[in-house]
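Only one structure is covered here, and it is reproduced in the block below.
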Amino acid sequence: MFSYDARALSGELSAIIESSVSNDAWQWLQEKSGDISSSETGPALNVAFAAIPRKLGKNHLSLSESTIANIQQIRPGFQITNWSIDRLCRVWVLIHVPAASKTNYLARIQNLFLAAEMNELVALYSALPVLAYPEAWKAQCAEGIRSNIGDVLEAIMCNNPYPSEQLDEAAWNQLVLKAIFTEKPLHSIIGLDDRANLELANTLSDFAHERWAAHRAVPPMLWRCVGPFINEKTIGDMERLVLSVDNTEREAAALACGASQFPAAAELLNRNKQLNALVKSGDISWESIAKKTELV
């Protein structure tokens, strides 16, 4: 049903919420969660979900390192840093939806998706890692990737473990491509390295060639997904990049070659002794490239 200890996570989030809102607001939220927990049908969920910002506010959370660590221990990958209180309360309420009946559970939450405005969608997609029946939300996640709403896309793509855990390869590749098209921070995509694959690498190379042909820049972080799959097709991209006048592009090529088992990639890196030294010393990394090229 749940892939983690839902009761433990609810308790941890309860403590955060209680310390972040007024007594009256906390009492209201507890009453509403009780109404939601006591029935598998009815309007209580929809009413509470819509009213939370008005009742709880939209202030941003302040979290201790120990709280962040506790959450990670209960639900690895689940991150609430930089969330607002209304976003957290909406996710907390969803954890209280009765899940004994899969049919009722899926229908109630799916109805929220159908009627949601932007901030509600942000909360719903943020909640994917903690919903019951995690495999049931794959299609909804894939649907969200097709959104053109920036905040919704970030809720799905950035610091969210659900896509890497549940999406099939085609949907995952579409997420990475959409992140690049919409200039989302690739370094915030959980599982980016673990889910890299040959099909994605080849597609990204094709995308780079299209950008070059149009005299447009190629995001250096793109090559992070290509490095482990460098082959006869993409080694030419690396050769082009190491000759770039842009140091960040040269560093990206070096890191990509350093992640490759393709002999020509190792040879290319060995011929560029300065880049090779930077890779071996750890003086360059994908994190350092992200800081240069994206908003961290």
E183, CD atom: more than 12 neighbouring heavy atoms under 6.0 Å
no
Taking all non-hydrogen atoms of both residues into account, name the closest pair between S164 and I190 and its distance.
CB-O, 3.3 Å
Does the plane of the ring in Y125 sit parallel, tilted or perpendicular to the ring in F113? Use 30° and 60° as the thresholds.
perpendicular
Count the heavy atoms of every other residue, nucleotide or ligand shown that sit under 6.0 Å from CD of Q72, and state whether that count exceeds 12.
yes
Residues which pass side chain to side chain contact (heavy atoms under 4.5 Å, CB included) with A170, listed by chain and number, not counting sequence neighbours
D168
Could you tell me the separation between the CG atom of L255 and the CE atom of M238, rounded to the nearest 0.5 Å?
10.5 Å
D5 atom CG, over 12 foreign heavy atoms within 6.0 Å
yes
Okay, side chain of S205, backbone of A201: is any donor-acceptor separation there less than 3.5 Å?
no
Salt bridge R75-E165, side-chain N to carboxylate O under 4.0 Å:
yes
Just how far is it from atom CZ of R108 to atom CG of N46, taken to the nearest 0.5 Å?
7.5 Å
I'd like to know whether D237 forms a side-chain contact (heavy atoms from CB on, under 4.5 Å) with H209, so could you lay out the CA-CA distance, the side-chain angles of the two residues, the decisive distance to 0.1 Å, and finally the verdict.
CA-CA 9 Å; D237 299 338; H209 282 262; 2.7 Å; yes
Would you check, one step at a time, whether the test side-chain hydrogen bond (donor to acceptor under 3.5 Å, both in side chains) holds for T234 with N231?
CA-CA 5 Å; T234 51; N231 53 24; 3.2 Å; yes
Apply side-chain hydrogen bond (donor to acceptor under 3.5 Å, both in side chains) to N173 and N197, showing your working.
CA-CA 9 Å; N173 290 354; N197 58 83; 2.8 Å; yes
I'd like to know whether S244 forms a side-chain hydrogen bond (donor to acceptor under 3.5 Å, both in side chains) with D246, so could you lay out the CA-CA distance, the side-chain angles of the two residues, the decisive distance to 0.1 Å, and finally the verdict.
CA-CA 5 Å; S244 173; D246 186 320; 5.4 Å; no
